[in-house]
Engineer: 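Before I ask anything, let me first share the structure, which is written out below as structure tokens.
In listed order, ligands and their atoms are each counted from 1.
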Amino acid sequence: MPGIAIVGTQWGDEGKGKITDLLAEDASAIVRFQGGNNAGHTIVRDGEVYKFHLIPSGILHEDKYCVIGNGVVIDPRVLLEEIDGLRRAGISTANLKISANAHLIMPYHVLLDTADELKLGKLSIGTTRRGIGPAYADKALRLGIRVQDLLDEKILRKKIMAALESKQQGLRELAVRRRKLKKDGETDDETVPDDRIDLHSITEDYLSYGHRLEPFITDTARLCWNELDSGRKVIFEGAQAALLDLDHGTYPFVTSSNPIAGAACIGAGVGPTDIQEVWGVVKAYATRVGSGPFPTELDDEVGAHMSEKGHEFGTTTGRPRRCGWLDLVALRYTVRLNGTSYLAMTKLDVLSGLETIKVAVRYRSREGAVLDEFPYHQSVLHSVTPEYEELPGFAGDITACRTPEDLPQEALDYIAFVSDFVGVPIRLVGVGPGHDENVWIQKQG
Ligand code: GDP
Ligand code: IMO
Ligand code: MG
């Protein structure tokens, strides 16, 4: 059985959680390989809504391993909250496995992540303020603290001290800045420290997290190899999406990890030949949370339709998501970046009721040049005007559709247009948030 990667093809929130839960039915392990609790993955089962930030979206299948791979950055406080929430809901976490090599998000990472929001001379990225960027920065600086360090008090204390040494100055400046902003009435942010961060209390807190997490800590790469070698199916669940990729996305308006399929190898510890299938998840339109270019963004009643009907508010931060038409120039780019085998198109039901549906098929640069490809230069992307193909819309409630024959012809034409344009089959179409609210275009063989 193959390794299968499931990844986002836009700016996140495509519905990866639902698709992972669905494709996990015949898998033996579901593995998160990057990102942290900046992710918010939703699964709706029997009317119950589950939102996961760190726990892989396979957790409702209690017989499968749910793995948090080495490439994830873990806020242990948040992870323990999720574990407790699952236990309260009667869902077993017995098969949850956490990589000993995964890096930890520390309280100072969260504090430093607020710095750009406080405009400390930086661009405002509009991050989720979960400490993701600073945690990955420490990993690259070799100042990171790993899950395995939680199990040794002496090492933990030493490493926190080393990591803090380089940050005290920045944290102090942040505190001063915050006091000023508060005085001027410009922020009521409570997450920024007033004073120095306390080494002793962080160490104590993290040791206690370590005690609770110890039973879950495993050599997760080996676990993945065993499953793959035994012919069982392993799903690698992406968080965020290709246009937020640190290398290939709309830098600097990106996250600090690589959400593309190739990163599953690094973030889980498997080889490229272990991944045989890549599923790209694409929303039937486009959304983005936070700052950065978004050529097809709509600031009109159609955008409002998408926002309202699609309930487009962030799963993690509750921020309204920016909405716009599906951008096929960008999708063709991300499909290629991911080596996509199949697409799953979600939220087609949200487009119902629109007279026509537009898709961007090329860009026009400020100088008037026609751009068929996603421009590599950031300044060009910031100033392009999308050119659209306008397709007939469809009406009525399609959430009860289960076969292609049930769908309006215009919806089928839309699916076919997107698929032909990007050159990848759309195998699955979401017509509602529920587990069974799907149309298989061609049943998985
Ligand atoms: P993820 O981060 O990619 O897992 O996506 P999110 O969970 O952040 O956001 C996707 C939202 O769309 C969730 O509220 C899902 O329940 C919902 N959803 C997923 N698929 C569909 C669909 O086909 N139709 C509708 N209406 N909602 C969907
Ligand atoms: P899922 O997995 C949508 C966005 C943030 C911000 C940028 C950087 O649910 O699709 P970060 O906190 O990562 O440093 O923020 O990335 N972002 C997401 N947007 N869905 C996500 O995850 C996101 N994770 C991060 O809004 O613009
Ligand atoms: Mg999300």
Engineer: Would you say Thr287 contacts ligand 2, with heavy atoms under 4.0 Å as the rule?
Structural biologist: no
Engineer: Using a 4.0 Å heavy-atom threshold (strictly under), name the region of Trp11 that reaches ligand 2: side chain, backbone, both or neither.
Structural biologist: backbone
Engineer: Looking at Thr403, is its backbone amide N or carbonyl O close enough to the side chain of Glu405 to form a donor-acceptor pair, meaning the two atoms are under 3.5 Å apart?
Structural biologist: no
Engineer: With respect to atom 8 (O) of ligand 1, which of Gly40, Ala241, Gly310, Gly238 exhibits the smallest heavy-atom separation?
Structural biologist: Gly40
Engineer: Tell me whether Leu348 has any N or O atom under 3.5 angstrom from an N or O of ligand 1.
Structural biologist: no
Engineer: So among His53, Glu237, Lys51, which one has a side-chain hydrogen bond (donor to acceptor under 3.5 Å, both in side chains) with His41?
Structural biologist: Glu237
Engineer: Taking 4.0 Å as the limit for heavy-atom contacts, which would you say applies to Thr127 with ligand 2: side chain only, backbone only, both, or neither?
Structural biologist: both
Engineer: The Mg ion (ligand 3) to Gly40: any N/O/S contact under 2.8 Å?
Structural biologist: yes
Engineer: What part of Asp13, side chain from CB on, backbone N/CA/C/O, both or neither, has a heavy atom under 4.0 Å from ligand 1?
Structural biologist: both
Engineer: Would you mind telling me if ligand 1 is within reach of the side chain of Arg321, the backbone, both or neither, using heavy atoms under 4.0 Å?
Structural biologist: side chain
Engineer: So which bit of Lys16 gets within less than 4.0 Å of ligand 1, heavy atoms only: side chain, backbone, both or neither?
Structural biologist: both
Engineer: Return yes when Gly12 approaches ligand 1 closer than 4.0 angstrom through a heavy atom, no otherwise.
Structural biologist: no
Engineer: Tell me whether ligand 2 is touched by Glu14 - counting only heavy atoms on the residue side and a distance under 4.0 Å.
Structural biologist: no
Engineer: Would one find an N or O of Gly15, backbone or side chain, under 3.5 Å from an N or O of ligand 1?
Structural biologist: yes
Engineer: Report, in ascending order of atom number, the atoms of ligand 2 lying under 4.0 Å from any heavy atom of Arg319.
Structural biologist: 5 (C), 26 (O)
Engineer: Short list, please: which atoms of ligand 2 are under 4.0 Å from a heavy atom of Val254?
Structural biologist: 7 (C), 8 (C)
Engineer: Within the structure, is a non-hydrogen atom of Arg130 found at a distance of less than 4.0 Å from ligand 2?
Structural biologist: no
Engineer: Taking the six-membered ring of Tyr342, is the NZ or CZ of Arg427 close enough (under 6.0 Å from the centre) and on axis enough (within 45°)?
Structural biologist: yes
Engineer: Does ligand 2 have an atom that lies less than 4.0 angstrom from a heavy atom of Gly8?
Structural biologist: no
Engineer: Looking only at heavy atoms, is any part of Thr399 under 4.0 Å from ligand 1, and if so is it the side chain, the backbone, or both, or is it neither?
Structural biologist: neither
Engineer: When you measure from atom 13 (C) of ligand 1 to each heavy atom in Ile19, Thr20, Thr42, which option holds the nearest one?
Structural biologist: Thr42
Engineer: What part of Arg288, side chain, backbone, both or neither, has a heavy atom within less than 4.0 angstrom of ligand 2?
Structural biologist: neither
Engineer: Can you list the ligand 1 atoms lying under 4.0 Å from a non-hydrogen atom of Gly430?
Structural biologist: 23 (O)
Engineer: Examine Val350 against ligand 1 and note whether any of their N/O atoms are separated by less than 3.5 Å.
Structural biologist: no
